[in-house]
Amino acid sequence: MTGDGDMTDDDDVTDDGDVTDSGDVTGPGTRRRRARALREFLDTEVAGAVVLLVAVVVALVWANSSFSSSYSDLWHTELSVSVGWGLDMSLHQVVNDGLMTVFFFVVGLEIKRELVDGELSDPRTAAVPVAAAIGGMVVPALLFVAINASTGTTRGWGIPMATDIAFALGVLALLGPRIPSGLKVFLATLAIVDDLGAVLVIACFYTDSIRGVFLLGGLGILLLSWALNRVGVRKTWPYVVCGLLLWLLFLNSGVHATIAGVALALTIPARRKLDEQAFSRRARELIADFDRDSDPTPRTNSAQLEHLRELQIHTMAVQAPLQRMEHGLGPVVRHV
């Protein structure tokens, strides 16, 4: 700043209106910009993919080091939750049966969105990744049997069938906009069908026992969730309750709990109650009513509160439950 009040070329104005010396790379404006840039990066899919790859490298180094026993001990750490009843799980089970179920649920929501309104809405288009996934399971299994036919280890034919969906989607996220969205949807669908197929194979051929009562109870919950969709329930909490019950039933059934995540996702409503034009028209009317009913007092009066309540109802009606859940859980899944 010069003596005449003019700003020199060496001064910068931050987004908050602060003037800083451009030569000061540690000033408050610079720190705020860096913090904002970091937050924006962490909100992207790329950040989640980077965290995944870093975790893989750390795990590989740790598991193959002289401290490998501590790595195994970590995953066998027992965790327990008791709220009227007890739930005891190892850290490995928390990830495999808990967090991965949420992951599969979100991916299932994305696949259903594409089936309803996106790249997979054409049955012929949707059939291609499904057929590719089936081939990706059958061919490795047959090769395994052919190679190990004389070794007596052919029972392990299910091992090479699975494609790790988390890594597949992580690699896609790293590629970013360099690949078309249609290819992303194709590969995501292929990966999830392949993974689910492998999980079903494990459940049918490698599980010691299937508890039919729990499995039937889970199927009943799925039917209930589907019925809620059909009768027009658009609040999210009934589906959350169904999801928790479904997870507990599948967890005790002998079938991998991640199947519950995808199965539930396919029952979540993908259609909204109110279209955009109707919402926009009614929202403008309610905002006009809100302004008309204003008064000099510093607080919102009862008439205005009623307009806000109705606006909230319409705001929920213009969003499908699938959209709300995907938007709310997406960032959590990417960073956890």
Side-chain angles (χ1 to χ4, degrees), residues 39-40 42-48 99-123 125-126 129 165-166 169 172-173 176-177 180-189 191-193 196 221-222 224-244 246-247 258 260-284 286-287 308-336:
R39 287 195 301 270
E40 291 173 354
L42 292 176
D43 286 337
T44 65
E45 293 183 353
V46 175
L99 297 180
M100 287 302 294
T101 301
V102 179
F103 173 78
F104 270 82
F105 176 69
V106 173
V107 175
L109 292 176
E110 295 174 355
I111 296 299
K112 179 170 183 179
R113 170 169 48 78
E114 294 295 336
L115 286 169
V116 173
D117 294 315
E119 300 281 348
L120 301 177
S121 56
D122 182 356
T125 304
I165 183 174
L169 297 183
L172 290 178
S181 60
L183 180 58
K184 288 184 180 180
V185 173
F186 174 87
L187 293 177
T189 306
I192 193 171
V193 172
L196 284 176
I221 295 296
L222 277 177
L224 174 61
S225 183
W226 176 80
L228 292 173
N229 182 349
R230 298 297 296 176
V231 300
V233 175
R234 291 298 181 269
K235 293 183 180 296
T236 55
W237 70 263
Y239 299 100
V240 173
V241 172
C242 285
L244 291 173
L246 182 65
W247 178 74
T258 52
V262 178
L264 180 69
L266 297 178
T267 68
I268 302 300
R271 300 293 188 188
R272 58 193 178 192
K273 276 191 172 183
L274 197 64
D275 62 44
E276 294 176 1
Q277 291 76 20
F279 170 76
S280 180
R281 181 175 60 254
R282 185 58 183 148
R284 285 195 296 268
L286 288 170
I287 291 173
L308 289 176
R309 187 190 67 81
E310 188 175 349
L311 182 59
Q312 288 176 326
I313 293 173
H314 283 75
T315 301
M316 296 294 285
V318 80
Q319 306 171 68
L322 185 147
Q323 290 176 300
R324 293 199 297 271
M325 290 181 174
E326 187 180 354
H327 181 74
L329 290 174
V332 177
V333 168
R334 284 198 297 270
H335 300 117
V336 176

remark   = Interatomic distance, CG@Asp122 vs CG@Leu115, rounded to 0.5 Å, equals 11.0 Å
task = Show the numbers, then the answer: is there a side-chain contact (heavy atoms from CB on, under 4.5 Å) between Met316 and Lys273?
result = CA-CA 9 Å; Met316 296 294 285; Lys273 276 191 172 183; over 6 Å; no
inquiry  = Working note: Phe105 + Ile268, criterion side-chain contact (heavy atoms from CB on, under 4.5 Å); need CA distance, chi angles, decisive distance, verdict.
reply    = CA-CA 10 Å; Phe105 176 69; Ile268 302 300; 4.1 Å; yes
remark   = Nearest heavy-atom contact between Leu329 and Val106 is CB-CG2, 3.6 Å
note = When rounded to the nearest 0.5 Å, the distance separating CD1 of Ile287 from CG of Leu311 is 6.0 Å
inquiry  = Which residue in the set Asn229, Leu228, Leu322, Val116 passes side chain to side chain contact (heavy atoms under 4.5 Å, CB included) when paired with Pro269?
reply    = Asn229
task = Report the C-alpha separation of Glu110 and Arg113 in whole Å, then their side-chain angles, then the decisive distance to 0.1 Å, and conclude whether the side-chain contact (heavy atoms from CB on, under 4.5 Å) test is met.
result = CA-CA 5 Å; Glu110 295 174 355; Arg113 170 169 48 78; 3.7 Å; yes
request  = Let me see the working for Val233 and Tyr239 under side-chain contact (heavy atoms from CB on, under 4.5 Å), right down to the final yes or no.
outcome  = CA-CA 9 Å; Val233 175; Tyr239 299 100; 3.8 Å; yes
key: Interatomic distance, Arg282 atom CZ to Ile313 atom CD1 [nearest 0.5 angstrom]   = 10.5 Å
task = Rounded to the nearest 0.5 Å, what's the gap from CD on Glu276 to CZ on Arg281? Could you check?
result = 12.5 Å
note = Distance col, row Lys235:NZ vs Arg324:CZ, nearest 0.5 angstrom, shows 8.5 Å
message = If you define the side chain from C-beta out and look only at heavy atoms, does anything of Val107 sit under 4.5 Å from Val262?
response = no
query = Rounded to the nearest 0.5 Å, how far does CD of Glu310 lie from CG of Leu286?
reply = 4.5 Å
ask   = Does any N or O in the side chain of Gln323 come within less than 3.5 Å of the main-chain N or O of Ala320, such that one atom is a donor and the other an acceptor?
value = yes
task = Please examine the side chains of Pro129 and Val193, heavy atoms only from C-beta on, and report whether any two atoms are closer than 4.5 Å.
result = no
ask   = Is Gln319 close to Arg272 at the side-chain level, that is, under 4.5 Å between some pair of heavy atoms?
value = no
ask   = Phe279 versus Thr315: any side-chain heavy-atom pair under 4.5 Å?
value = yes
ask   = Is there a donor-acceptor contact under 3.5 Å from the side chain of Thr267 to the main chain of Leu264?
value = yes
